[in-house]
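First up is the structure itself, then whatever we jot down about it.
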Amino acid sequence: MTSTPSPVHVQATDADDQPEPTAELEALYQAFESELLVPLWTEIGDLMPVEPKSAALPHLWRWRNLLPMAAQAGALVPVGRGGERRAIALANPGLAGRPFATPTLWAAIQYLNPGEDAPIHRHTQHAFRFVIEGEGVWTVVNGDPVAMRRGDFLPQAGWNWHSHRNLSDQPMAWIDGLDIPFQHYTGSTFFEFGPEETDEIREAPPRSYSERLWGHPGLRPLTHLRPTPSTPLLAYRWEHTDCALSGQLTLEAEGHPATVEPGHAAVRYTNPTTGGDVLPTVRTEFHRLAPGTETATQQEVGSSVFQVFQGTGQVTVGDTSWTVEQGDLFVVPSWQPLSMTSEHGLDLFRFSDAPIFEHLHLDRGDQA
Ligand code: 1HN
């Protein structure tokens, strides 16, 4: 043998039926390489694991670190055409420095100073905002101004024109979730700049057009009976989420089966035209652990990002555990076991790529 075979190909294998290395075999591997061919027997361990092994890692970002950096970006970096948004993405340490929280999901903190506008554009990526603190920004979707306040969830389906305007005298930060990595890998992204002038808001209406039409529980306008793949409701207000969760815990205390497990109330944000997820690629939920609650360990195909809305608790993802507090964001990669406990109560916003796997019949879950 004159030289060792390419380590990329041959040493990657854990197959035990490999032929003796010979000059002929080496020449064959080199020929594969120059023709951009890869024999399966050197890659099978990585591509056919017995169960999902995500490249993404469990990771936690502390809000108390993120927010001052976003404020600093607010002082130093203008927002405008080209950059489009002062959004700072969470880059999972397992994903090669790309600004991807998980293989499918983008998560970012966005920051807007008093009086600032983020310009009008649209893209095929499905998006949402979730507000952990503050108010004063209106997100304007196809000309409909939607107020953003603490605890609100604001979905934003792909290909709708949108801009953000801070009409207050306070800066505001929130989180954005999008299916950017999924659309990037699958080559399905389109983007279009909107008009240069920002959306004119003469007044700051407390209720958007979309809420006036769609924001009445169980009531469907007869003019809109056709199902739409994404939700037409542009704001899910905190008062409703909070009330639904506390209602579940009260019902449980009265002996009714209203919680997903003891002390664990949960709701899913849904599309009122279908009852399904709000966006075709993104599932969003809110979870409340009553004081003293310990969840079962759960694992599922697909990845999630959680943000602590209020309270404190301990979270374990795979081999990693953290004590979490308000604003902290953490990632649960595919098939990594998740469990949580809270001594004093914990409220969590969650988003995941579950609809993708359900549409493709690749969803699987396990509870221990
Ligand atoms: C975007 O349009 C927003 O509208 C946030 O707030 C983050 C990241 C990449 C591309 C577009 C927004 C984004 C984004």
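Numbering of ligands and ligand atoms starts at 1, following listing order.
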Next on the checklist: Under 4.0 Å, heavy-atom basis, I'd like to know which part of H121 is in contact with ligand 1: side chain, backbone, both or neither.
Outcome noted: side chain
Item to check | Residue portion contacting ligand 1 (non-hydrogen atoms closer than 4.0 Å) for I180 | outcome: side chain
Checklist entry - Which class fits the ring pair F100 and Y185: parallel under 30°, tilted 30 to 60°, perpendicular over 60°? => result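 Perpendicular, since the angle between the ring planes exceeds 60°.
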Next on the checklist: Below 30° counts as parallel, above 60° as perpendicular, anything between as tilted: where do the rings of F309 and F286 land?
Outcome noted: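 Perpendicular: the ring planes of F309 and F286 meet at over 60°.
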Item to check | D176: numbered ligand 1 atoms lying under 4.0 Å from its heavy atoms | outcome: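 Atoms satisfying the 4.0 Å criterion: 5 (C), 6 (O).
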Checklist entry - How far is atom 3 (C) of ligand 1 from its nearest protein heavy atom, and which residue and atom name does that atom have? => result R85 CG, 3.5 Å
[X] to ligand 1, any heavy atom closer than 4.0 Å:
{"X": "R129", "answer": "yes"}
{"X": "Q125", "answer": "no"}
{"X": "F191", "answer": "no"}

Checklist entry - Does the ring centre of F130 sit less than 6.0 Å away from the ring centre of F153? => result no
Checklist entry - When F128 is tested against each of Y269, Y236, F349 for ring-ring contact (aromatic ring centres under 6.0 Å, His included), which residue passes? => result F349
Checklist entry - Got an N/O contact under 3.5 Å between H162 and ligand 1? => result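 Yes - when backbone and side-chain N and O of H162 are compared with those of ligand 1, one distance drops under 3.5 Å.
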Item to check | Reference residue E116; test side-chain contact (heavy atoms from CB on, under 4.5 Å); the match among M172, H164, R86 | outcome: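 The side-chain contact (heavy atoms from CB on, under 4.5 Å) with E116 is passed solely by R86 among M172, H164, R86.
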Checklist entry - When you measure from the centre of the six-membered ring of F193, is the NZ or CZ of R122 under 6.0 Å away and within 45° of the axis? => result no
Checklist entry - Which is closest to atom 1 (C) of ligand 1 by heavy-atom distance: R122, H123, E84? => result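 Minimum heavy-atom distance to atom 1 (C) of ligand 1 goes to H123.
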